[in-house]
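Since the structure is predicted, the reported quantities are computational estimates derived from the model, not experimental observations. Below, all heavy atoms of this structure are taken into account, side chains as well, without hydrogens, waters or symmetry copies.
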Amino acid sequence: MIRSELVQLLVDENPGLSVREVEKIVSVFFDEIVGRLTEDGRVELRGFGAFSTRARDGRTGRNPRTGETVEVEPKRVPYFKPGKEMRTRLNV
């Protein structure tokens, strides 16, 4: 499912809301998750899962096209851990 499909599904299920209102709600929802992760926080949605970030150390990498070695800077990457309810539903 892509973002526009999610918006359309929510509009269809909530006829009292316009497409513009639903787009704003979805944008605020995702912006809040990203904002919290940017602050090294954690976002937990009960029954769904938890979003957090993990640190990756710097390393020496290789450009696959040229074979040249390059230094890869340390960085933080998003991580998602599914909740118990989601794991249960996926493995039925």
As a quick check of understanding, evaluate side chain to side chain contact (heavy atoms under 4.5 Å, CB included) for L10 and V26, giving each step before the final call.
CA-CA 9 Å; L10 291 172; V26 170; 3.8 Å; yes

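In terms of the side chain to side chain contact (heavy atoms under 4.5 Å, CB included) criterion, residue partners of K75 (sequence neighbours excluded) are, by chain and number, R56, V77. For F29, there are no ring pair (Phe, Tyr, Trp, His ring centres under 6.0 Å) partners at least two apart in sequence or on another chain. The side chain to side chain contact (heavy atoms under 4.5 Å, CB included) test applied to T60 returns T69, E71, not counting sequence neighbours. Residues satisfying the side chain to side chain donor-acceptor pair (under 3.5 Å) test with R65, not counting sequence neighbours, are none.
For residues 2-21, there are no salt bridge (charged side-chain N to carboxylate O under 4.0 Å, His left out) pairs, not counting sequence neighbours.
Of all the heavy atoms in V7 and V22, the pair that sits closest is O-CG1, 3.7 Å.
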Show which side-chain atoms of residues 78-92 pair as donor or acceptor with protein atoms under 3.5 Å away, not counting sequence neighbours.
residue : atom : partner : partner atom : Å
R87     : NH1  : P82     : O            : 2.7
T88     : OG1  : K84     : O            : 2.8
N91     : ND2  : R87     : O            : 2.9

Would you mind writing out the side-chain donor-acceptor pairs for residues 42-54 within the sub-3.5 Å range, not counting sequence neighbours?
residue : atom : partner : partner atom : Å
R42     : NH1  : E44     : OE1          : 3.0
E44     : OE2  : R46     : NE           : 2.7
T53     : OG1  : R76     : NE           : 3.2
T53     : OG1  : R76     : NH2          : 2.7

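Here the CG-CD distance, from L6 to E23, works out to 10.5 Å after rounding to the nearest 0.5 Å. Separating the CD1 atom in I2 from the CD atom in Q8 is a distance of 11.5 Å, to the nearest 0.5 Å.
Residues F30 and M1 share a single hydrophobic cluster, defined by chaining ILVMFWY side chains whose heavy atoms lie under 4.5 Å apart.
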